[in-house]
Amino acid sequence: MNATFDFTDRHVVVFGGTTGINLGIAQTFAAAGARVSVASRKQENVDFALATLGSGALGLVADVRDDAAVAAALATARARHGEIDVLISGAAGNFLADVNSMSSNAFKVVVEIDLQGSFHVARRAYEHLRKPGASVIFISAPQAVVAMPYQAHVCAAKAGVDQLMRVLALEWGPAGVRVNAISPGPIEGTEGMKRLAPQGPEGDALVRGMVPLGRMGTTADIAQLAMFLGSDAAGYVSGALIPCDGGAQNMLTPMIVAAAEKGGA
Ligand code: HXC
Ligand code: NAP
């Protein structure tokens, strides 16, 4: 992947960075010279990510729902690679379920991964951030601003993530820490699209038809925006929620409904 920024000697930490969009972000920062640390729950995903990231990368097993595990992972990352220049919080869970089919635990598990997990990651990372100059990036979703059926848990959780981002931009700005969020649109080949879009050529055509730019996004599209937000080029950008979605932010509800009608995730 072509790197358009230079992150030599910078430390980039990606929670949920072992698969999909977040792994694409980690790979792109690594290609731009960064020292990269990635963390997620499953050892096999950590091993998979490390095999793609090169020998300098650090892989950590931590569940973002576990505040102590997050703190320990961040301490290990700091000890190995130094102060953190860019922190990305992207761990998430999703499945299709209407509220009447959603148990209390089903709602809670998504809120705990997406929202409470983001709180753990950001709060525990603060002492390790390079100040001034660090950049914190949350990975949000269109559900944060567009109410979608079958997505009550994700809508609530990601809306919370956006507001957490805005509060942290206020509280940490005086220390020289920028805080922003990326809201990806439909990104091809990801777990999210497997769960939330109808599969096969017909499904792909349906999704493409909802995107003004006429195509699904790639992990590289998201990674390039993350690099911009992590770089000094974005030195006056903070408190911003930036969609990266080909213009589709408000258009995706029929995709969710079609996937749910086909049986759901
Ligand atoms: C109803 C469901 C369900 C479903 C799980 N549950 N799947 N309820 N419909 N399809 C319920 C379970 O019955 C249980 O409730 C509760 O949720 C917790 O389930 P567990 O399997 O015990 O949880 P856990 O092992 O912690 O796994 C978390 C998970 C899982 C979220 C359920 O899917 C996961 O690990 N996902 C991570 C990967 C992922 O989802 N990636 C996609 C991100 S895409 P009970 O009451 O039975 O105990 C994204 C946005 C995309 O975030 C946006 C696109 C536009
Ligand atoms: P993904 O491949 O499933 O990525 C989720 C990552 O989070 C995985 O590395 C997973 O690894 C980790 N994770 C899940 N639960 C965790 C937990 N409790 N603790 C720590 N790590 C955990 O999904 P994706 O589709 O690429 O989505 C990535 C991000 O983009 C998410 O924040 C999602 O909401 C957002 N997004 C995606 C799309 C899309 O089109 N795919 C659109 C909008 C927004 P483990 O299983 O090993 O823990």
Side-chain angles (χ1 to χ4, degrees), residues 14-26 38-50 59-67 69-70 73 88-118 120-121 137-146 148 150-155 157-158 161-162 181-197 207 210-211 216-219 221-223 225-226 241 243-246 248-256 259-260 263-265:
V14 189
F15 271 83
T18 61
T19 62
I21 292 172
N22 304 321
L23 175 58
I25 292 171
V38 292
S40 80
R41 288 169 306 179
K42 297 178 189 151
Q43 184 69 55
E44 69 264 27
N45 287 342
V46 172
D47 292 343
F48 169 78
L50 286 181
L60 298 153
V61 173
D63 189 322
V64 295
R65 292 170 284 190
D66 181 343
D67 190 34
V70 168
I88 292 149
S89 175
N94 201 337
F95 47 83
L96 292 165
D98 65 80
V99 169
N100 290 339
S101 323
M102 196 183 287
S103 68
S104 171
N105 192 39
F107 186 85
K108 185 168 88 166
V109 78
V110 170
V111 171
E112 283 188 344
I113 297 170
D114 294 27
L115 178 54
Q116 186 83 37
S118 293
H120 292 155
V121 167
I137 303 168
F138 293 98
I139 306 300
S140 185
Q143 286 87 334
V145 291
V146 180
M148 297 183 193
Y150 310 102
Q151 292 283 277
H153 45 355
V154 177
C155 290
K158 292 288 195 181
V161 169
D162 287 3
I182 295 173
S183 178
I187 305 303
E188 67 186 11
T190 60
E191 185 63 29
M193 279 302 97
K194 213 192 288 177
R195 292 178 182 226
L196 297 188
V207 177
M210 290 169 191
V211 183
M216 290 177 74
T218 65
T219 58
D221 289 321
I222 306 304
L225 177 54
L241 168 67
C244 184
D245 61 1
Q249 198 82 175
N250 301 316
M251 323 278 270
L252 296 173
T253 301
M255 173 187 90
I256 301 281

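Note that ligands are numbered from 1 as they come in the structure, with each ligand's atoms numbered from 1 the same way.
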Discussion item. I'd like to know whether ligand 1 has V154 as a neighbour, heavy-atom separation below 4.0 Å.
Written reply: no
Item to complete: Give a yes/no on ligand 1: does E191 have at least one heavy atom closer than 4.0 angstrom to it?
Response: yes
Closest protein heavy atom to [atom], given as residue, atom name and distance to 0.1 Å:
atom: atom 16 (C) of ligand 2; value: R41 NE, 3.5 Å
atom: atom 25 (O) of ligand 2; value: G192 N, 2.9 Å
atom: atom 4 (O) of ligand 2; value: T19 OG1, 3.3 Å
atom: atom 30 (O) of ligand 2; value: I139 CG2, 3.3 Å
atom: atom 27 (O) of ligand 2; value: I21 CD1, 4.2 Å

Worksheet entry | Atoms of ligand 1 close to M193 [distance to a heavy atom under 4.0 angstrom, numbered from 1] | 54 (C)
Worksheet item: Which of the atoms in ligand 1, numbered in the order shown and given with their element, are less than 4.0 Å from a heavy-atom of L196?
Response: 51 (C), 53 (C), 54 (C)
Say whether [X] and ligand 2 are in contact under the criterion: heavy-atom distance to a ligand atom below 4.0 Å.
X: A62; answer: yes
X: S140; answer: yes
X: K158; answer: yes
X: G185; answer: yes

Practice prompt. Identify, by atom number and element, the atoms of ligand 2 in contact range of G90, meaning under 4.0 Å from any of its heavy atoms.
Written response: 29 (C), 31 (C), 32 (O)
Region of [X] that comes within reach of ligand 1 [heavy atoms, distance under 4.0 Å]:
X: A97; result: side chain
X: S103; result: side chain
X: K194; result: neither
X: M102; result: neither

With a 4.0 Å heavy-atom cut-off (strictly under), which part of [X] contacts ligand 2: side chain, backbone, both or neither?
X: T18; answer: both
X: P186; answer: backbone
X: L23; answer: neither
X: N45; answer: side chain

Side-chain donor-acceptor pairs of residues 16-26 under 3.5 Å, sequence neighbours excluded:
from : atom 1 : to  : atom 2 : distance (Å)
T18  : OG1    : S40 : OG     : 2.8
N22  : ND2    : G16 : O      : 2.9
N22  : ND2    : G90 : O      : 3.0

Practice prompt. Could I get the full list of side-chain hydrogen bond (donor to acceptor under 3.5 Å, both in side chains) partners for Q249, not counting sequence neighbours?
Written response: S183, D245
Discussion item. Counting only heavy atoms, tell me which of D66, N22, V207 gets closest to atom 28 (C) of ligand 2.
Written reply: N22
Worksheet entry | Within the 6.0 Å centroid threshold, strictly below: H120 and F15 | no
